[in-house]
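Comments concern the structure below.
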Amino acid sequence: MPDTSTGTFADESLAAGDVYEDIGPEPPRRLVWRNIFLMVLLHAGAIYGVFLIPTASALTLAWTAACFVISALGITAGAHRLWSHRTYRASLPLKVFLAFANSMAFQNDIYEWARDHRVHHKFSETDADPHNAKRGFFFAHIGWLLVRKHPDVIAKGRKVDLSDLEADHVVMVQRRHYQLSVVILCFLMPTLVPWYLWGESLLVGYLLPGLLRYTMVLNATWLVNSAAHMWGNRPYDRNINPRENSLVAFSALGEGFHNFHHTFPFDYATSEFGCRLNPTTAFIDLMCLLGLASERKTVSKEMVAARVQRTGDGSATSG
Ligand code: ST9
Ligand code: ZN
Ligand code: ZN
């Protein structure tokens, strides 16, 4: 049974057996009305966009899908597997591409995203976890972006080592020019390309490859924090909340194997099954084939098997 009052560290950088305990009463929840207003507006625009799908040209729909995949890779292959966990090494051209793709996804700059994500791994399911899933599905999904952070997130987060990110020029340049890059890459480019190249209306360009695509990438990402921390098997570690969730893996380009990922956060594939339901792993493999990436870290089959035996919930299909 998972311990519901404490969170155990699942990060390899921490001493085995360390336990972080939640302390003190819950501070008052401080709503951020600006974010609530903008998120309601964004989702309303995205829903309106759904009704405009029949009026869009085939090229616009293909462009919307391409924008989804590129911006999603900026999160999965970029902010997550490269910059948060350093699971592989990327060449400068690949890093620049991923930084552009990351701005297209508009989920905070790489530095802030990776900082919050490292804090999430280190203090999973405690007050110091930015999207602590013990506070319910809504909080883990979107609610955490609508309220001030728990003081523990900031206090504990300040102790997390970010020196590699500070030394990474691509990360710091993207951070310096973040707002402008988002305006251009997340909103202007997706809208203007179909208008200029094949005469799509500006409204459809703004609502489909713009707002609807952005909202879909956001929700696919948030499902990893909400659904994949609540529903699914725990073949590798039954003592932590993150689960294997195939539906989330499908919508999040392979990021739904979350029990594996929290157990072995250094593995570039975030799964023992390679490219199965995992386009991000296929993308990193392709980059290696093209000489643009190298040094993929993986966990050995023996280590997975031993872990499955020791802490798994018995649902493993291999190991
Ligand atoms: C978004 C992010 O959506 C999504 C991330 C999801 C992560 C998912 C991970 C799952 C695995 C990967 C799967 C990928 C799947 C992809 C699939 C794709 C198909 N440590 O933040 P402030 C400091 S963003 C240390 O203002 P408040 C901070 O530096 C969407 N320090 O806190 C600052 O210090 P100083 C768009 C920290 O006031 C001070 O604290 N954006 C930490 O509580 C205040 O910081 C939005 O919607 C830390 N962890 O406000 C909202 N955190 O003053 C953007 C903070 O010295 N965010 N600090 O500079 C906000 O508006 C605010 O952050 C807030 C909290 C209202 C949420
Ligand atoms: Zn992670
Ligand atoms: Zn997680």
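Being a predicted model, the structure only gives us computed values, none of them experimental. Every number for a ligand or one of its atoms is a count from 1 in the order of the listing.
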Exercise for review: Check whether any heavy atom of Ser251 sits under 4.0 Å from an atom of ligand 1.
Suggested key: yes
Check your understanding: Is it true that Asn108 lies under 4.0 Å from ligand 1, counting heavy atoms only?
Key -> yes
Does ligand 1 come near enough to [X] that some N or O of the ligand is less than 3.5 Å from an N or O of the residue?
X	value
Asn35	yes
His117	no
Arg115	yes
Arg158	yes

Exercise for review: Please confirm whether His131 and His150 have ring centers closer than 6.0 angstrom.
Suggested key: no
Check your understanding: Are His261 and His80 near enough that their ring centres are under 6.0 Å apart?
Key -> yes
Answer with side chain, backbone, both or neither: which part of [X] has a heavy atom less than 4.0 angstrom from an atom of ligand 1?
X	result
Leu146	neither
Leu145	both
His80	side chain
Val160	neither

Measure from [atom] to every heavy atom in [options] and give the option owning the shortest one.
atom	options	value
atom 21 (O) of ligand 1	His85, Lys149, His141	Lys149
atom 38 (O) of ligand 1	His262, Arg81, Arg148	Arg148
atom 49 (N) of ligand 1	Val248, Leu253, Asp116	Asp116
atom 65 (C) of ligand 1	Leu42, Val147, Val32, Thr221	Val147

What atoms in ligand 1 come closer than 4.0 Å to a heavy atom of [X]?
X	value
Met39	47 (O)
Gly157	20 (N), 25 (C)
Trp222	1 (C), 3 (O), 4 (C)
Val119	49 (N)
Ala72	18 (C), 19 (C)
Thr76	15 (C), 16 (C), 17 (C)

Exercise for review: Give a yes or no answer on whether the side chain of Arg135 reaches the backbone of Glu125 with a donor-acceptor pair at less than 3.5 Å.
Suggested key: no
Point to revise | Salt bridge Arg115-Asp109, side-chain N to carboxylate O under 4.0 Å | key: no
Point to revise | N-O pairing of Arg86 and Asp168 below 4.0 Å | key: yes
Study note, to complete from the structure: Protein-side N, O or S atoms sitting under 2.8 Å from the Zn ion (ligand 2) are His80 NE2, His85 NE2, His117 NE2, His121 NE2, His261 NE2
Practice item. Determine the sole option in Thr281, Thr76, Asp267 for which the side chain to side chain donor-acceptor pair (under 3.5 Å) test with Arg81 is passed. Key: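 It is Thr281; the other options fail the test.
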Revision key, fill the gap. NE2 of His43 to OH of Tyr214, rounded to nearest 0.5 Å, is 9.0 Å
**Study point:** Gap between atom CE of Met287 and atom OH of Tyr88 - 0.5 Å precision
**Key:**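 Here the rounded value is 9.0 Å.
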